[in-house]
Amino acid sequence: MRGERIEVENEGFPEVQPDDLRYQHLLHNWNNWAPLFRTAARRYGLPVSWVLAVATIETGLWSSKPAQQEKIVSPAGAVGIMQIMPQFQPETHEQLQDAATNINAGARILREQLDRSGGNLPYAVAAYNSGTNPLQNNGCRVGRNEWNFRADHNYPRQVIEYNHAAIRLGVNAPNPTTMMVWGGIIGATAAVFLRTINP
C-alpha cells in the first residue's frame, strides 16, 4: 500500500503548510522517530505518511520534547506518542511508554481499522480516534468524503492534511540508508561477476 493523496469533497487536497505551526510538529515528529515510523509502517503494510500523520495529530504538541512525548498520558489514560489505551491492548502501560512499542501498537491498530473499513483512511482514523467502527456509528453519514463523527468530526480531515504534508516531505520514499546499503551490495556483486567473466 503506497501513500496517496486523498481528495476532500469541495476542498481538493488540503495540506498543512510550512508556515503553519502544525507543520513544525510534523517535522519534529519525523526527526524524533523516523526509523520507528518506517519500521512499524513496513511491518503492517502502511504508508509511513499515515502513521506519522496519526502520531502528529495525537501528540504533535509535545514533539519538541521527545522524552515528554514518549511518556505522556492523557486524562483518559491514553499513553505515549500514538495515544494508546492500554486496557484494550496486549501491551502494558509501562511498555507503551517505550517509543518503539507504542508506535508499533499504533500502526497495528491503524492496520486493524483499515481492514475493517475496507482501506478507507478517513473511516479508519475516525475509528482509531474513537475506538469504534464508524461504518456502524449512527453519528456518521456514509457518503463520498462526508464525515460527521460527533466530537471527532475534524480528526479525519486533520489526518489527511498531515498525510499530504508528509507525502510532500518524502517520508514514503525508500529509506536512503537502506538504498545505499543495497546499492553497495549490488555494486560489489556486479564487480565480482565482471571480474569472473573478464579475468
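Quick caveat, the model's predicted, so the values are computed rather than measured.
- The structure places CG of Asn163 at 10.5 Å from OG1 of Thr56, a figure rounded to the nearest 0.5 Å.
- The closest side-chain heavy-atom distance from Glu161 to Arg22 is below 4.5 Å.
- For Gly45 against Arg111, the heavy-atom pair with the smallest separation is O-NH1, 3.1 Å.
- Between the CZ atom of Arg168 and the CD atom of Glu15 there is a distance of 4.0 Å, given to the nearest 0.5 Å.
- Cluster membership check: Trp62 does not share its hydrophobic cluster with Leu26, using side-chain heavy-atom separations under 4.5 Å among Ile, Leu, Val, Met, Phe, Trp and Tyr.
- Note on Leu61 and Val79: separate hydrophobic clusters, where clusters join Ile, Leu, Val, Met, Phe, Trp and Tyr whose side-chain heavy atoms are under 4.5 Å apart, directly or indirectly.
- None of Gln87, Glu91, His93, Met85 except one satisfies the side-chain contact (heavy atoms from CB on, under 4.5 Å) rule with Gln89; the exception is Glu91.
- Here the closest non-hydrogen pair linking Pro86 and Gly77 is CD-O, 3.4 Å.
- With no hydrogens or angles considered, no side-chain donor-acceptor pair links Asn29 and Ser63 at under 3.5 Å.
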Requested in this report: Given side-chain contact (heavy atoms from CB on, under 4.5 Å), test Ile72 with Gln83 step by step and report yes or no.
Outcome: CA-CA 8 Å; Ile72 198 160; Gln83 288 292 277; 3.6 Å; yes
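- Residue Tyr128 holds its OH atom at 11.5 Å from CG of Leu114, rounded to the nearest 0.5 Å.
- Here the closest heavy-atom approach between residue Ala40 and residue Asn104 is recorded as CB-CA, 4.0 Å.
- For His164 (side chain) and Arg5 (main-chain N/O), no donor-acceptor pair under 3.5 Å exists by modelled atom type.
- Between the CD atom of Glu94 and the OG1 atom of Thr101 there is a distance of 11.5 Å, given to the nearest 0.5 Å.
- Using a 4.5 Å heavy-atom cutoff, the side chains of Val54 and Tyr162 are not in contact.
- Looking at Glu58 and Tyr155, their side chains do bring a donor and an acceptor atom within 3.5 Å of each other.
- Shown here for Ala107 and Tyr44, the closest heavy-atom pair between the two residues is CB-CD1, 3.7 Å.
- Phe13 and Val125 end up in different hydrophobic clusters when Ile, Leu, Val, Met, Phe, Trp and Tyr side chains are linked at under 4.5 Å.
- Using a 4.5 Å heavy-atom threshold, the side chains of Tyr123 and Gln113 count as separate.
- When all heavy atoms are compared, the tightest approach of Met82 to Asn102 is N-OD1, 2.8 Å.
- A donor-acceptor pair is defined here as one N or O able to donate and one able to accept, closer than 3.5 Å; no such pair exists between the side chain of Asp20 and the backbone of Val16.
- In this structure the side chain of Arg38 never reaches within 4.5 angstrom of the side chain of Val51, judged on heavy atoms.
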Report task. Report the C-alpha separation of Ile103 and Phe37 in whole Å, then their side-chain angles, then the decisive distance to 0.1 Å, and conclude whether the side-chain contact (heavy atoms from CB on, under 4.5 Å) test is met. Result -> CA-CA 7 Å; Ile103 291 170; Phe37 289 133; 3.7 Å; yes
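- When hydrophobic clusters are built by joining Ile, Leu, Val, Met, Phe, Trp and Tyr residues whose side-chain heavy atoms come closer than 4.5 Å, directly or via intermediates, Leu169 is grouped together with Leu46.
- Using modelled atom types and a 3.5 Å distance limit, the side chains of Ser117 and Asn120 yield no donor-acceptor pair.
- Of the inter-residue distances, the one linking Ile160 atom CD1 with Ile57 atom CD1 reads 10.5 Å to the nearest 0.5 angstrom.
- Side-chain contact between Leu110 and Trp50 is present, with heavy atoms from C-beta onward closer than 4.5 Å.
- Using modelled atom types, one finds a donor on one side chain and an acceptor on the other under 3.5 Å when comparing Thr59 with Gln69.
- How far OG of Ser64 is from NE2 of His25: 7.0 Å, rounded to the nearest 0.5 Å.
- The shortest non-hydrogen separation linking Ser49 to Asn172 is N-OD1, 2.8 Å.
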